[in-house]
Amino acid sequence: MIAKRRARRPIGPATIGGAYYGFFWPMVAMYAPYFNVYLLELGFSGTQIGVLAAVFPLFALVVAPALSALADRRGWRLWLLQISLVGWAAVLLVYPFATAFATFLLLVIVESAMRSPSLPIADGVIARMAARHRLNYGDMRLWGSFGFAAVSILSGMAWQQVGYRTMFLAAALAVLPALFVARKLEEGELAVTNGRRSILFLAQDKGLVILYVSAFLLGMALFSTFIFGGVFISQLGGSETDIGLLFGLSALAEVPIMRRSGAIIRRLQGPQALLLAMFFLAIGLLGFALAWSPIVLIIAGAVKGVGYGLWFVVMVQLLNESAPEGWNSTEQYVIQAAFLGLAPLLTSALSGYIYDVWGANLLFGLMTAVIGLSIILLLFALRQNWFIPHDWKFEES
């Protein structure tokens, strides 16, 4: 008797979205938390580290928004995502051979050109998948936070034993499973009249403008902790393991808040949930400013992680709900251009200078005040009822 073959069950969108994040963010965790500490060991100053850190924001600001309209109009989102991942991995393989600042600057430029489309494309595509299949986006995104947490902690222990150069090869190989899963994401619909309108028409919605400004301010604050958090913990006497705990526990703290994000959004509504997220972010940054030991900094990082986890999910869902048909990736590009592009571009070198001259405590104190300003702007927008859904109208021409 010939046994009947069991039909393969198709992999569900929730599994695909969660798997992409679950492979992508552990790859980032293998090297990103330790990159600036590696530069410090090579003898680079805080100002030089700040200059290198400003390169990616430049590409996120200039390249990513320009590609977004093209990807939305042509349906090239997944193609661009895969090209981005392959190029990113190629640059990682070259990093161990660089030592001079000029060489690192060139490599960082190439890496930034490759990686800048990856974050907003994936977030936009997966957010639309969640909406299309009536899924909670946070349930998929939390796998990225969980993977980042686990791998960053383990990586800190590993690099403490074998050195930092190995981390680049490990991260390059870790791109492969993310690349495989990226091919199975859903492309989504084409943008409606995207080719006839500039993204500036989105500024008609005052609530969106406030979200963009808020993302810019939070980008200033949070990018400073990413650049100088590991450096600061080393200055306080911490080890590579402590660096892994700083970034790992911060990411781990995102998991439960992302798991509960759907219920929080339903209870508080989007803008009020953003306020709650910003409150946790302000407390976390204040902890950075007052830190006197590695353990204090690690605890502050965990509080910051709670705030960031909630802020990220709420922001993605707010943009997904407010976007005109087919413009989801474009809105994700714009918000991330403000968050990961304009803010770090304008402030990374200055942050490095402040760190060199006045120290980390003053730097993080100033960033706490920046988050306070973002809270004030959001409260003003709520008072003006600027977060009422916009009725987008497209005129045929």
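This structure is a prediction, so every number in the text was calculated from the model and none was measured. Sequence positions, counted from 1, serve as the residue numbers for this chain.
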Exercise. Atom CG of L362 and atom CE of M367: how far apart are they, to the nearest 0.5 Å?
Worked result: 9.0 Å
For this session: Find the distance between CG (L275) and CG (L379) and round it off to the nearest 0.5 Å.
Result: 5.0 Å
Exercise. Does I233 belong to the same Ile/Leu/Val/Met/Phe/Trp/Tyr cluster as V296, with side-chain heavy atoms less than 4.5 Å apart forming each link?
Worked result: no
Exercise. Taking all non-hydrogen atoms of both residues, which atom of G17 and which atom of I126 are closest, and how far apart?
Worked result: O-CD1, 4.1 Å
Problem set entry | Rounded distance [0.5 Å steps], OH in Y164 versus CG in L39 | 10.5 Å
Exercise. Would the number of heavy atoms belonging to other residues, nucleotides or ligands and lying under 6.0 Å from CZ of F146 be above 12?
Worked result: no
Exercise. Which ILVMFWY residues are connected to L173, directly or by a chain of links, through side-chain heavy atoms under 4.5 Å apart?
Worked result: L93, L169
Exercise. Which heavy atom of S234 sits nearest a heavy atom of I243, and at what distance?
Worked result: OG-CD1, 3.6 Å
For this session: Write down the atom of Y21, the atom of P26, and the distance for their closest heavy-atom approach.
Result: O-CD, 3.7 Å
For this session: Not counting sequence neighbours, list each pair that qualifies as a ring pair (Phe, Tyr, Trp, His ring centres under 6.0 Å) and has a residue in residues 274-297.
Result: F288-F364
Exercise. Should Y34 and Y38 be marked as a ring-ring contact (aromatic ring centres under 6.0 Å, His included) after you check the CA-CA gap, both sets of side-chain angles, and the distance that decides it?
Worked result: CA-CA 6 Å; Y34 310 96; Y38 176 61; over 10 Å; no
Problem set entry | Rounded distance (nearest 0.5 Å) linking atom CG of D242 with atom CD1 of I298 | 5.0 Å
Exercise. Do you know which two heavy atoms are closest between K304 and L281, and how far apart they sit?
Worked result: O-CD2, 3.5 Å
For this session: Would you confirm whether S84, through its side chain, and M114, through its main-chain N or O, come within 3.5 Å as a donor-acceptor pair?
Result: yes
Exercise. Quick one: does N36's side chain get under 4.5 Å of F228's, heavy atoms only?
Worked result: no
For this session: With the side chain counted from C-beta on, respond yes when F104 and V55 share a heavy-atom pair under 4.5 Å apart, and no when they do not.
Result: no
Could you pull out every donor-acceptor pair under 3.5 Å between side chains of residues 244-254 and any protein atom, sequence neighbours left out?
residue : atom : partner : partner atom : Å
S250    : OG   : G301    : O            : 3.0
E254    : OE1  : S145    : OG           : 2.4

For this session: Determine yes or no for a side-chain-to-main-chain donor-acceptor pair under 3.5 angstrom, with Q48 supplying the side chain and S45 the backbone.
Result: yes
Problem set entry | Cluster check V37, V51: I/L/V/M/F/W/Y, side chain < 4.5 angstrom | yes
For this session: Determine yes or no for a side-chain-to-main-chain donor-acceptor pair under 3.5 angstrom, with S112 supplying the side chain and V108 the backbone.
Result: yes
Exercise. Are F226 and I283 joined in one hydrophobic group, where the rule is that I, L, V, M, F, W and Y side chains link up if heavy atoms are under 4.5 Å apart?
Worked result: yes
Exercise. Any donor and acceptor pair, going by atom type alone, linking the side chain of S155 with main-chain N or O of V151 inside 3.5 Å?
Worked result: yes
Exercise. Given F101 and L52, is the side chain to side chain contact (heavy atoms under 4.5 Å, CB included) satisfied, shown in steps?
Worked result: CA-CA 9 Å; F101 175 76; L52 292 175; 3.7 Å; yes
For this session: Would you indicate whether the side-chain heavy atoms of L363 and W358 approach each other to under 4.5 Å?
Result: no
For this session: Could you tell me whether the side chain of F216 reaches within less than 4.5 Å of the side chain of S374, counting heavy atoms only?
Result: no
Exercise. In the single-linkage hydrophobic clustering (I, L, V, M, F, W, Y; side-chain heavy atoms under 4.5 Å), do V306 and I295 co-cluster?
Worked result: no
Problem set entry | M278 vs S214 side-chain heavy atoms within contact, under 4.5 Å | yes
Exercise. Which ILVMFWY residues can you reach from L286 by hopping between side chains whose heavy atoms are under 4.5 Å apart?
Worked result: L290
Seminar exercise, completed: Y31 meets the ring pair (Phe, Tyr, Trp, His ring centres under 6.0 Å) criterion, sequence neighbours left out, with none
Exercise. Is there a donor-acceptor pair closer than 3.5 Å between any side-chain N or O of N361 and the backbone N or O of A289?
Worked result: yes
Problem set entry | Any residue meeting side-chain hydrogen bond (donor to acceptor under 3.5 Å, both in side chains) with E41, in chain and number order, not counting sequence neighbours | none
For this session: Examine F180 and L185 and state if one hydrophobic cluster contains both, with Ile, Leu, Val, Met, Phe, Trp and Tyr joined whenever side-chain heavy atoms are less than 4.5 Å apart.
Result: yes
Seminar exercise, completed: Looking only at heavy atoms, the pair that brings A172 and A89 closest together is CB-O, 3.7 Å
Exercise. Do F24 and W88 pass the ring-ring contact (aromatic ring centres under 6.0 Å, His included) test, and can you show the C-alpha distance, the side-chain angles, and the key distance before you say yes or no?
Worked result: CA-CA 12 Å; F24 175 83; W88 192 348; 5.7 Å; yes
Exercise. When rounded to the nearest 0.5 angstrom, what distance separates CG in L179 from CG in L81?
Worked result: 8.0 Å
Problem set entry | Exercise: identify the closest heavy-atom pair between M167 and M30 | CB-O, 3.5 Å
For this session: Test side chain to side chain contact (heavy atoms under 4.5 Å, CB included) on L85 and L176 and set out the steps.
Result: CA-CA 9 Å; L85 292 174; L176 296 177; over 6 Å; no
For this session: Return yes when atom OH of Y353 has more than 12 non-hydrogen atoms of other residues, nucleotides or ligands closer than 6.0 Å, and no otherwise.
Result: no
For this session: List the steps and the verdict of side chain to side chain contact (heavy atoms under 4.5 Å, CB included) for R165 and F97.
Result: CA-CA 9 Å; R165 292 180 184 272; F97 304 101; over 6 Å; no
Exercise. Can you tell me how far CG of L78 sits from CD1 of I121, rounded to the nearest 0.5 angstrom?
Worked result: 8.5 Å
Exercise. Side chains of S293 and L236: closer than 4.5 Å at any heavy-atom pair?
Worked result: no
Exercise. Do W25 and W143 touch side chain to side chain, with heavy atoms closer than 4.5 Å?
Worked result: no
